[in-house]
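First comes the structure, then the notes that go with it.
Heavy atoms only: backbone and side chains are in, while hydrogens, waters and symmetry mates are out.
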Amino acid sequence: FPAESKTAVDAMTKAESAMQQAKSAGRDCLRFFALSEEQRQGYRASMDIGEEVQLALKEDRIVLAHQPVVDAGSHQVTYYECLVRMYDHDGKLVPAAQFVPAIEQLGLMRSIDNRVRDLAILELERNPQVSLAINISGLTATERSWFRGLVARLKERRDIAKRMIVEITETAALQDIDETSRFVSALRALGCKVALDDFGSGFTTFHHLKALTVDVVKIDGSFVRNITTDTENQIFIHNLMALAQALGVSTVAECVETREDADYLSRAGIDLLQGYYFGRPEIDGHLRDAGQPAILLAAATLGAAGGD
């Protein structure tokens with residue numbers, strides 16, 4: 001330890017990395033922190049990103065973008081998904097893909113998840129007719145301090161809790177199905193809804209889905225793209241619909257980019273739709289009340305982006 005790390009944060013980060021290697025190897029085993037030269041260079045780059053994210057947290061440069069999730073039939077906004085973004089020192093917006101993988105590797109996602117939780121609750125307080133969904137990492141799903149923070153803010157605020165959806169990825173949920181099930185039950189008891197994100201990317205069975213008692217399953221975008229022509233994706237969607245209907249679970253299709261895709265998914269029985277066809281994630285976009293048409297928002301977004 002003295003030779004490997006100069007600071008407490010660095011030591012804990014490397015310990016976190018060793019722990020993740022042990023988990024990936026099947027748990028109940030021992031792993032030492034070690035890096036190749038290539039990994040060492042990547043690690044140094046990740047450390048730089050991690051330091052920048054920590055500074056951004058202190059300087060309130062972590063913000064939320066919002067993307068509408070709409071009713072499949074009426075195309076009216078049902079809720080918004082909150083997506084984390086960061087401003088750099090020059091005021092340039094940094095997408096999540098440029099910093100989230102690094103901070104996940106460094107074990108810093110808990111700090112981001114805490115900030116996202118708090119920002120979303122503030123927005124729910126300011127917008128009483130709006131519902132929001134937030135994503136949490138697999139580590140946070142088993143982190144009791146995050147949930148205690150949520151309880152402290154929402155215990156007497158069921159009016160806010162009922163408008164919050166917590167999204168957990170399928171792969172994270174399957175790592176420890178019993179622990180995830182307890183976490184889901186605690187969230188629902190607080191008044192929140194729970195969504196299983198990226199559904200189809202793992203190996204969720206009927207038994208798993210029944211044990212988790214989530215409110216929503218979000219179909220991984222890889223099964224939605226080319227849905228009008230890809231017969232394998234069509235079979236998956238129809239099988240999922242039968243499963244969801246048997247359990248009384250709502251369904252969301254992500255990555256909807258065309259009117260043809262939206263129409264097909266609506267006819268297939270999907271409840272909610274999300275994607276660029278209805279609107280891109282926006283930082284300062286007006287949060288429309290539930291029930292207002294999202295297609296107007298999408299047109300405005302595309303117009304502002306020059307048709308991009």
Side-chain angles (χ1 to χ4, degrees), residues 64 66 69 71 77-84 109-199 201-202 204-219 240 243-252 254 271-272 274 287 289-291:
L64 298 179
H66 308 91
V69 179
D71 179 89
V77 176
T78 300
Y79 66 89
Y80 292 86
E81 180 179 359
C82 297
L83 303 165
V84 68
M109 271 308 296
R110 295 184 184 94
S111 298
I112 291 294
D113 287 342
N114 287 341
R115 181 59 54 87
V116 168
R117 174 198 63 202
D118 296 343
L119 289 173
I121 290 174
L122 284 174
E123 292 186 349
L124 289 169
E125 290 175 341
R126 295 169 183 158
N127 300 276
Q129 303 304 316
V130 168
S131 295
L132 299 176
I134 59 173
N135 298 274
I136 61 171
S137 64
L139 287 174
T140 298
T142 57
E143 175 59 50
R144 295 182 181 181
S145 65
W146 182 90
F147 182 72
R148 286 196 296 267
L150 186 69
V151 172
R153 290 161 177 79
L154 298 184
K155 188 175 182 180
E156 306 299 330
R157 300 296 307 273
R158 290 189 71 88
D159 59 314
I160 293 178
K162 69 180 183 180
R163 293 185 285 117
M164 176 177 282
I165 302 167
V166 179
E167 297 188 5
I168 308 169
T169 63
E170 180 186 33
T171 49
L174 293 180
Q175 286 183 1
D176 190 334
I177 196 75
D178 292 332
E179 181 66 26
T180 303
S181 181
R182 285 190 289 270
F183 182 65
V184 169
S185 296
L187 285 169
R188 298 185 75 203
L190 190 61
C192 300
K193 292 183 176 65
V194 182
L196 189 63
D197 199 9
D198 298 335
F199 186 85
S201 60
T204 303
T205 65
F206 178 85
H207 172 74
H208 290 146
L209 201 54
K210 185 177 180 181
L212 287 173
T213 64
V214 296
D215 301 281
V216 180
V217 291
K218 298 190 69 176
I219 306 168
L240 171 61
L243 177 61
Q245 289 170 0
L247 294 174
V249 177
S250 297
T251 51
V252 179
E254 301 179 294
D271 299 301
L272 302 167
Q274 178 181 3
L287 293 177
D289 293 347

_Glu170 side, atom CD; Leu209 side, atom CG - distance, nearest 0.5 Å_ = 9.0 Å
*Can you tell me how far NZ of Lys218 sits from OG1 of Thr169, rounded to the nearest 0.5 angstrom?*
12.0 Å
_Please determine whether side-chain contact (heavy atoms from CB on, under 4.5 Å) holds for the pair Val184 and Ile168, giving the CA-CA distance in whole Å, both sets of side-chain angles, and the decisive distance to 0.1 Å._
CA-CA 9 Å; Val184 169; Ile168 308 169; 4.1 Å; yes
*Contact summary for Lys155 and Leu190, nearest pair of heavy atoms*: CA-CD1, 4.2 Å
_Taking side chain to side chain contact (heavy atoms under 4.5 Å, CB included) as the criterion, tell me which of Asp159, Leu132, Leu154 meets it with Leu124._
Leu132
_I want to check something: taking the side chain as every heavy atom from C-beta on, are Gln274 and Leu272 in contact at a cut-off of under 4.5 Å?_
no
*Within a strict 4.5 Å, meaning less than it, do heavy atoms of the Val216 and Glu167 side chains meet?*
no
_Sequence-distant partners of Asp176, salt bridge (charged side-chain N to carboxylate O under 4.0 Å, His left out), two or more places apart_ = none
*Can you find a side-chain donor-acceptor pair between Asp113 and Ser137 that sits under 3.5 Å?*
yes
*Do Tyr79 and Val252 have side chains that get closer than 4.5 Å, going by heavy atoms?*
yes
*Between Ala211 and Ser181, which heavy-atom pair has the shortest distance, and what is it?*
O-OG, 2.9 Å
*Go through the steps for Leu150 and Leu187 under the test side-chain contact (heavy atoms from CB on, under 4.5 Å), then give the verdict.*
CA-CA 9 Å; Leu150 186 69; Leu187 285 169; 3.5 Å; yes
*Just jot down the salt bridge (charged side-chain N to carboxylate O under 4.0 Å, His left out) partners of Arg117, sequence neighbours excluded, or say none.*
none
*If we only count heavy atoms from C-beta on, is the Glu81 to Asn135 side-chain gap below 4.5 Å?*
yes
*side-chain contact (heavy atoms from CB on, under 4.5 Å) between Ile121 and Met164: does it pass, once the steps are laid out?*
CA-CA 8 Å; Ile121 290 174; Met164 176 177 282; 3.6 Å; yes
*With sequence neighbours excluded, tell me which residues meet side chain to side chain contact (heavy atoms under 4.5 Å, CB included) with Leu122.*
Glu125, Arg126
_Between Arg115 (side chain only) and Val84 (backbone N and O only), is there a donor and an acceptor less than 3.5 Å apart?_
no
*With sequence neighbours left out, write down each residue that passes salt bridge (charged side-chain N to carboxylate O under 4.0 Å, His left out) with Arg182, or none if nothing qualifies.*
Glu179
*Just jot down the salt bridge (charged side-chain N to carboxylate O under 4.0 Å, His left out) partners of Asp215, sequence neighbours excluded, or say none.*
Arg188
*Return the minimal non-hydrogen interatomic distance between Leu64 and Ala120, and the atom names on each side.*
CD1-N, 3.8 Å
*Check whether any side-chain heavy atom of Val130 sits under 4.5 Å from a side-chain heavy atom of Glu123, and report yes or no.*
no
*Excluding sequence neighbours, so at least two apart, what forms side chain to side chain contact (heavy atoms under 4.5 Å, CB included) with Asp271?*
Ser250, Thr251
*Hey, can you tell me if Tyr80 and His66 have their rings parallel, tilted or perpendicular (30° and 60° cut-offs)?*
perpendicular
